[in-house]
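Beneath this line is the structure, given in structure tokens, with notes to follow.
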Amino acid sequence: MKKIELAKAYEPQSVEDGIYRDWEQSGLFNPDNLPGKRDESFTVIMPPPNATGTLHIGHAMFLTLEDIMVRFARMRGKAALWLPGTDHASIATQAKVEKIVAKEEGKTKYDYGREAFIERIKKFVGGSQATIRRQVRKMGASCDWSREAYTLDDPRSRAVREMFVRMFDDGLIYRGYRIVNWCPRCESTLADDEVEYREQRGRLYFMKYGPFTVATTRPETKLGDTGVAVHPEDARYRDMIGTEFEVDFGIGPQRIRVIADGSVDPEFGSGVVGLTPAHSAVDFEMAERNGLPIRKVIGEDGKMTALAGRYAGMTVEECRTRFVADLEAKGLMEKVEDLDNNISVCYRCATPIEPLTSRQWFIDVNRPIADRENKSLKELSVEAVRSGNIRIVPDRFEKVYCRWMENLRPWCISRQIWFGHQVPVWYCDDCRGGLAADGDGLEGVIVSRDTPDSCPKCGGANLRRDTDTLDTWFSSGMWTFSTLGWPDNAKVGPDGTVEKTGDIKRFHPTSIMETGYDILPFWVARMILMTTYALGEVPFRNVYLHGLVRDEQGRKMSKSLENIIDPMDVAEKYGTDAVRLSLTIGNAPGNDLKMSEDKIAYFRNFANKLWNISRFILMGGIPEGNPARPEPRTLADRWILARFDETVRSVTADLEGMNYSRPGETLRDFTWNELADWYLEIAKIEKAQENDDNKQKILAYLLSNLLKLWHPFMPFVTEEIWRQAFAAGPEDRIMVAEWPEVPAAAADDGAVMDGMAALREIIVTIRNIRSEYGVEAAKKIGAVAVAGDRIDLVSRHAQVIRGLARLGELRVSAEGDRPEGQVAAAVVAGVQLFVPLGDLVDADAEKERLNRELADAEKYLAALKGKLGNADFVAKAPEAVVAAEREKLAAQEDKIAKLRGQVAGMS
RNA sequence: GGGCGCUUAGCUCAGUUGGUUAGAGCGUCUCGUUUACACCGAGAAGGCCACAGGUUCGAGCCCUGUAGCGCCCACCA
């Protein structure tokens with residue numbers, strides 16, 4: 001036996017960094033270096049944090065959850081890979097640097113110029129990445145840094161170009177003139193889901209409009225109208241459907257066709273909608289269906305175009321003011337009403353979105369793909385989830401996903417942002433004479449993996465590269481496989497099948513994608529779409545969605561509310577393990593989590609409790625080497641081992657089922673409420689009665705394996721205790737220890753549980769009596785137990801009862817041994833307890849207390865009798881349930897009889 | 001407008017196919033330095049499980065409806 005003395009309290013600050021360094025240097029984060037065969041792989045690709053600065057508590061949460069998954073898999077003998085990385089997040093990062101440059105240098109991106117500004121962004125990103133790497137390490141994340149990736153590094157850029165070319169060749173990427181969301185501040189398009197809506201007090205203008213009156217919130221767009229829509233059943237206008245007329249808003253005549261559409265609400269406004277195909281998504285679609293021409297009056301610069309005649313060159317706001325005034329002057333404005341409505345704004349800079357038609361690159365989500373059984377991207381993506389090939393947790397998000405996917409419109413992938421993957425597209429000036437303003441078709445367009453020297457068609461050398469960059473989600477959509485060596489590790493055969501090699505073969509599809517429910521459509525959906533296309537398989541088997549971290553009152557954390565909890569601050573203050581537990585326990589998938597510093601402090605206390613449990617056990621001495629499973633000797637031994645086994649089974653099953661909160665609770669309850677509060681206290685007494693090391697062997701076994709169970713949750717404190725106590729040498733780390741295996745539940749476990757429960761009840765009851773009569777804690781009193789059938793149990797554990805209930809003497813008899821004088825009495829688990837307390841006991845009060853208990857027991861008895869007297873219950877309920885009720889009835893009758901005896905003895 | 005979720009102790013939440021007298025942590029109150037731990041220990045109080053019906057021998061759990069709260073999607077020109 002070796003005795004070890006741990007420090008009096010756990011000090012995370014002094015050990016965490018060193019432990020992480022050791023883990024990292026061991027190379028064991030890389031599955032290639034793990035010992036053993038490891039046939040089965042387990043892969044998590046880290047959702048790459050945006051390289052826009054620092055990590056927040058939400059990142060700390062996902063790092064914790066993913067680390068639990070990976071550490072568990074690693075300990076269970078799997079080739080566990082957790083691949084880290086960062087995202088260039090084009091719009092977000094560029095916007096951030098624009099802000100910094102404006103504030104610190106008073107410059108705009110134009111002052112820099114495109115090349116120099118991109119360099120400036122790269123510098124900023126480099127700093128962010130360094131910070132992020134440091135922070136990820138601080139959280140204890142056991143990710144494989146040797147495989148770290150960045151969505152904009154060279155391998156990923158190659159993959160993106162490859163994907164673009166392949167999709168273009170398959171006709172899935174096309175160039176089209178369609179309506180897009182345009183952010184005038186970012187000077188770029190946005191995807192539909194990058195648009196947010198804000199409530200706004202607006203106005204509804206009723207203007208004279210040829211033969212109609214049209215209501216609009218944006219009068220200036222009427223300059224771009226080419227039609228009006230009415231409800232097909234609207235009697236007022238039915239006869240006019242299909243007719244054309246001209247209006248003149250002061251810029252010359254506009255030809256307007258009347259069309260019918262069921263979506264028009266006859267009750268709203270005048271029941272006539274002016275159609276502006278170029279500046280409203282809904283109108284655009286109606287125009288497409290009815291062949292209306294497009295008339296673009298607002299340009300990408302946010303100013304009115306030449307088609308707006310005298311208003312050309314004005315900003316939208318100026319134009320509105322002038323136009324409204326002009327209409328009023330001409331008596332064409334009927335009335336103006338107040339109206340609350342939603343306006344769309346950019347999700348990055350909150351600038352109002354200007355919908356407009358533009359020539360952009362799109363992904364066609366509806367086009368059948370020959371190599372994929374003629375299914376479209378949309379169909380493939382829906383099928384991946386519907387078929388069960390991907391499981392989403394919690395499952396209610398499957399519906400959200402499917403609905404979103406089914407309603408997907410053409411995905412606009414080109415952005416006019418500078419920072420990002422430039423589209424691999426060149427235009428040949430010789431073939432086409434350059435890219436005509438709004439020309440159609442693809443003449444003169446070259447799509448290529450590498451930079452072409454000359455035009456493949458005409459040999460001309462006057463090539464210009466398209467300046468557009470790709471939607472940031474295009475590259476992050478490829479994240480699960482671009483990080484594993486795509487395209488080199490996935491050769492496509494002539495029939496479209498994919499032959500996987502290297503890391504893709506070994507680690508793809510990945511096991512779990514753990515991410516926030518808020519980016520289910522943004523990201524998860526895109527990954528499924530891109531992966532089913534590129535690899536013909538799903539990107540991941542499971543999606544685990546976490547919620548948002550909120551403050552104590554359930555509010556979002558924000559700078560303005562000053563309620564931000566910085567994960568680095570609290571990790572430093574309370575220890576990383578405490579922060580991790582506070583983010584795990586009580587955290588249900590798909591639900592938001594309320595966080596507070598008090599909660600973290602509570603888990604700091606718990607880490608210290610575990611430390612002190614270890615300290616106590618190790619002080620008593622542990623056997624050399626890995627503690628084997630010892631033979632239980634006493635009831636308590638049997639009980640704690642059975643409880644431990646059950647804990648192992650339950651924690652293992654939960655972790656396998658992607659439940660991370662409950663195993664934390666299970667472990668905390670076992671560690672604190674059973675091991676520390678009961679078994680350790682009993683062990684102190686029983687150890688003195690045994691003349692060998694059996695107790696310490698049991699304790700060592702329990703501790704070493706309990707540390708393993710805790711390790712995925714609290715990697716640092718468990719590794720530190722392991723290192724000081726159980727490690728065979730510096731290379732022996734709990735991180736790669738084998739996950740505990742325990743025998744199945746034994747047949748006599750029930751009896752063990754029952755005996756232990758009785759023992760605990762007896763002790764608690766005596767403690768209760770002491771407390772009730774205000775007996776000083778230090779004072780040893782005597783007690784008598786009339787134990788009946790329990791005589792064996794009670795007499796064998798007399799020492800334990802005396803110790804834990806602080807009794808001087810405990811007299812045990814089978815029956816009829818009531819002490820003289822004033823006694824407090826109780827019946828528990830079939831045992832009568834008498835505690836002679838002399839003058840402390842008021843006989844009347846005691847009698848009343850017993851009578852109250854008697855009344856409760858009788859009430860319960862009546863309920864049981866009622867239940868068992870119900871013929872339907874006895875006939876229809878399962879036998880075991882009925883038998884259990886009968887047992888309860890018998891126990892209750894016994895208790896009542898004994899209580900009556902005690903009451904009688906009082907007088 | 002459409003969809004989803006929630007409502008259990010003062011607070012945060014468990015409660016897995018319906019079956020002990022509904023649990024835990026925090027907080028509150030009482031007592032306590034028993035040599036692992038005051039970042040601790042012992043004990044206590046505290047709940048018509050939102051409401052109303054229904055199914056069932058039996059409902060916190062299943063079904064229907066109502067109310068309140070929250071979220072997502074669509075979006076009215």
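Numbers restart at 1 for each chain; the letters A, B, ... are given by sequence-line order, proteins then strands.
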[N] pairs with which nucleotide, Watson-Crick or G-U wobble, both distances below 3.5 Å?
N: B/C4; result: B/G70
N: B/A44; result: B/U28
N: B/C57; result: B/G19

Expressed in whole Å, how much space separates the [atom1] atoms belonging to [N] and [M]?
N: B/U7; M: B/A14; atom1: C1'; value: 15 Å
N: B/C4; M: B/C39; atom1: P; value: 50 Å
N: B/G43; M: B/A52; atom1: P; value: 37 Å
N: B/U12; M: B/U30; atom1: C1'; value: 25 Å

Would you say the base of B/C39 and the side-chain of A/Lys609 have a donor-acceptor pair closer than 3.5 Å?
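In this structure, the two groups form no donor-acceptor pair.
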Measure the distance from CG on A/Asp265 to C1' on B/G1 and round it to the nearest whole Å.
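For the pair A/Asp265 CG and B/G1 C1', the rounded distance is 11 Å.
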Interatomic distance where CG belongs to A/Leu699 and P belongs to B/A36 [whole Å]:
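Value for this atom pair: 13 Å.
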Return the minimal non-hydrogen interatomic distance between A/Thr221 and A/Val297, and the atom names on each side.
O-CG2, 4.5 Å
The complete set of side chain to side chain donor-acceptor pair (under 3.5 Å) pairs with one or both residues in residues 572-581 of chain A, sequence neighbours excluded, reads A/Glu16-A/Thr576, A/Asp67-A/Arg580, A/Lys138-A/Glu572, A/Lys573-A/Glu597, A/Tyr574-A/Glu597
Does A/Tyr197 have a side-chain nitrogen or oxygen under 4.0 Å from the phosphate oxygens OP1 or OP2 of B/C75?
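Checking B/C75 against A/Tyr197, a side-chain N or O does come within under 4.0 Å of OP1 or OP2.
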Count the heavy atoms of every other residue, nucleotide or ligand shown that sit under 6.0 Å from NZ of A/Lys2, and state whether that count exceeds 12.
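Above 12, so yes.
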